[in-house]
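Just below is one structure, and these are the notes that go with it.
Only this structure's heavy atoms are used, side chains among them; waters, hydrogens and symmetry mates stay out. Chain letters run A, B, ... following the sequence lines, proteins first and then strands; every chain starts at 1. Keep in mind it's a predicted model, so treat the numbers as computed, not measured.
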Amino acid sequence: MRDPIPAPAFRESLLGWYAGARRPLPWRTQPSLYRTVVSEFMCQQTQVATVLPYFAEWMEQFPDFASLAAAEEATVLRAWEGLGYYSRARNLHRLAKAVAAMDAPPATAAEWRALPGIGPYTAAAIASIVFGEAVPVIDGNVIRVLARLTADATPFPTAQKAQRHFERLARDLLDAHAPGEYNQAMMELGATVCVKHRPACLLCPVRTHCLAGQSGRAADFPVVPRRAQEKVEQVRLWIEEDGALLLARGGANGRLQSLYELPLRETLPQAVVGELLFSGKRAITHHLYTEHIHRAKAPAELTENPALSWVPHEELESIPLSGPHRRWVRALLKETADGRAERDPFPS
DNA sequence: AATACGGGGCA
DNA sequence: TGCCCAGTATT
């Protein structure tokens with residue numbers, strides 16, 4: 001058994017570094033409960049740099065719980081469009097309605113945990129950052145930092161296993177007097193210094209406590225077995241009629257729920273499929289989709305599929321589409337309006 | 001306990 | 001191209 005990390009010295013080094021190194025993120029420079037909640041939802045599985053423009057636009061459109069609660073779901077999804085993991089947007093919308101209906105928002109991690117879209121990480125983040133509750137957050141950054149501090153080569157096939165593995169250590173190291181600052185400092189360290197590739201160990205404020213860093217092997221931790229990507233080919237249909245485009249809305253349980261996309265060929269078995277207009281790639285978790293968009297003609301009688309609907313051109317910008325389909329629809333719309341120009345509508 | 005869920009960024 | 005990112009809900 002190795003010597004435990006001396007928690008007081010560790011906290012002092014970490015918090016001293018964080019005070020001078022923290023990025024001036026908008027939810028830090030102008031903090032509030034609502035802004036913290038929105039930032040945590042947006043940052044789930046999404047890099048901060050990607051979140052920033054969405055966060056700014058979101059705050060313009062939905063400045064507080066009440067305005068978000070009052071919005072239509074389609075409007076909410078449209079604002080989230082391009083961020084991915086759209087269940088986050090639907091859950092955040094439901095959460096806003098729940099909070100708006102309360103006398104006062106919850107103030108403990110356990111209460112927040114019961115709200116939609118709030119798991120162990122987000123409950124701990126909100127409770128510690130906003131309400132000063134002494135609960136540690138264990139996200140991807142923290143797992144990486146702790147695995148390197150202890151040079152722990154345990155393989156973690158899932159993040160859940162890693163969270164359980166490090167729960168005790170995370171609690172022991174947490175600064176109970178400044179849990180919000182401490183938690184953000186750990187994540188900031190993982191995001192800016194203790195990064196996955198080529199960590200900056202020479203600049204690390206806790207390098208004297210780090211077993212992996214001192215032996216020059218930080219990049220070897222944590223050990224995460226990888227999963228192969230599966231390739232899938234799909235044909236989607238471009239069907240225009242009377243200035244409207246035929247789109248399909250995501251199913252009740254499937255992915256891209258309540259977002260619109262170009263309909264799959266299987267959705268319209270009777271359609272007459274014509275020329276190939278465009279092929280594009282998109283990744284969804286461990287699937288790599290290649291989608292081939294063909295011009296097509298609708299069958300004389302449309303199937304009674306309630307997920308299908310004709311969307312007039314002028315309404316396309318106000319409905320939620322998936323990110324790739326937004327780009328493809330815009331380009332193809334311009335292309336067909338130009339009478340099918342010769343040039344490539346999708347310059348790389 | 002495993003699996004599904006998006007899309008962008010980077011080496 | 002493959003891997004990662006301030007995770008959660010569902011089966």
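Of the residues in residues 34-62 of chain A, those with a non-hydrogen atom less than 4.0 angstrom from any atom of DNA chain C are A:Glu40, A:Cys43, A:Gln44, A:Gln45, A:Gln47. For the segment residues 167-195 of chain A, no residue has any heavy atom less than 4.0 angstrom from an atom of DNA chain B. Shown for residues 73-83 of chain A: residues whose heavy atoms fall under 4.0 angstrom of DNA chain B, namely A:Gly82, A:Leu83.
For A:Thr108, the side-chain hydrogen bond (donor to acceptor under 3.5 Å, both in side chains) test picks out A:Glu111, with sequence neighbours left out. In this structure, the side-chain hydrogen bond (donor to acceptor under 3.5 Å, both in side chains) partners of A:Tyr34, at least two apart in sequence or on a different chain, are A:Trp58. The side-chain contact (heavy atoms from CB on, under 4.5 Å) test applied to A:Arg198 returns no partner, not counting sequence neighbours. Looking at residues two or more places apart in sequence or on another chain, you find a side-chain contact (heavy atoms from CB on, under 4.5 Å) between A:Lys297 and A:Val272. For A:His313, the side-chain contact (heavy atoms from CB on, under 4.5 Å) test picks out A:Glu240, A:Leu316, A:Leu333, with sequence neighbours left out.
Sequence neighbours left out, not one pair with a member in residues 122-132 of chain A passes salt bridge (charged side-chain N to carboxylate O under 4.0 Å, His left out). Residue pairs meeting the salt bridge (charged side-chain N to carboxylate O under 4.0 Å, His left out) criterion with at least one partner in residues 20-42 of chain A, sequence neighbours excluded, are A:Arg22-A:Glu181, A:Arg23-A:Glu188, A:Arg28-A:Glu188. Screening residues 7-18 of chain A for salt bridge (charged side-chain N to carboxylate O under 4.0 Å, His left out) gives no qualifying pairs among residues at least two apart or on separate chains. Residue pairs that meet the salt bridge (charged side-chain N to carboxylate O under 4.0 Å, His left out) test with at least one member in residues 76-87 of chain A, sequence neighbours left out, are A:Arg78-A:Glu81, A:Arg78-A:Glu317, A:Glu81-A:Arg326.
Heavy atoms of A:Leu25 sit under 4.0 angstrom from at least one base atom. Residue contacts shown for A:Gly84 include a base, since a base heavy atom lies under 4.0 Å away. Note on A:Ala283: a base of the nucleic acid sits closer than 4.0 angstrom, heavy atoms only. In this structure, A:Arg164 reaches the sugar-phosphate backbone alone: every heavy-atom distance under 4.0 Å involves primed, P, OP1 or OP2 atoms, never a base. Using a 4.0 Å heavy-atom criterion, one finds that A:Pro120 contacts the sugar-phosphate atoms exclusively.
Looking only at atom types and distance, the side chain of A:His325 has a donor-acceptor partner in the side chain of A:Glu291 under 3.5 Å away.
In this model, the phosphate group of C:dG7 is not approached by any side-chain N or O of A:Arg88 to a distance below 4.0 Å at OP1 or OP2. Side-chain N/O atoms of A:Arg28 include none lying less than 4.0 angstrom from OP1 or OP2 on C:dA6. A close approach under 4.0 Å does occur between a side-chain nitrogen or oxygen of A:His286 and OP1 or OP2 of B:dA4. The side chain of A:Tyr85 contributes no N or O atom lying less than 4.0 Å from OP1 or OP2 of C:dA9.
A centroid separation of less than 6.0 Å is found between the aromatic rings of A:Phe156 and A:Phe166. The aromatic ring centroids of A:Tyr54 and A:Trp80 lie 6.0 Å or more from each other.
The CZ atom of A:Arg90 sits 12 Å away from the P atom of C:dA9 (whole-angstrom rounding). One can place NZ of A:Lys196 at 16 Å from C1' of B:dG9, the figure rounded to the nearest angstrom. For the pair A:Leu288 CG and B:dC5 P, the computed distance is 15 Å after rounding to whole Å. Rounded to a whole Å, the CD1 atom of A:Ile126 is 13 Å from the C1' atom of C:dT8. At whole-Å resolution of the value, NE2 in A:His197 and P in C:dC3 are 9 Å apart. C:dG2 atom P lies 10 Å from atom NZ of A:Lys281, rounded to whole Å. The distance between atom OH of A:Tyr121 and atom C1' of C:dT8, rounded to the nearest whole Å, is 13 Å.
Taking for each of A:Lys231 and A:Leu115 the nucleotide of DNA chain C with the nearest heavy atom, the 5'-most of the two is the partner of A:Lys231. Map A:Arg198 and A:Thr158 each onto its nearest nucleotide of DNA chain B; the residue landing nearer the 5' end is A:Thr158.
The side chain of A:Thr122 approaches C:dT8 more closely than any other nucleotide in the set C:dA6, C:dT8, B:dA4. For A:Ser322, whose side chain is taken as the heavy atoms from C-beta onward, the closest listed nucleotide among C:dT8, B:dG7, B:dG8 is B:dG7.
When the options A:Val137, A:Leu115, A:Val135, A:Val37 are evaluated for a side chain to side chain contact (heavy atoms under 4.5 Å, CB included) with A:Ile126, the one that passes is A:Val37.
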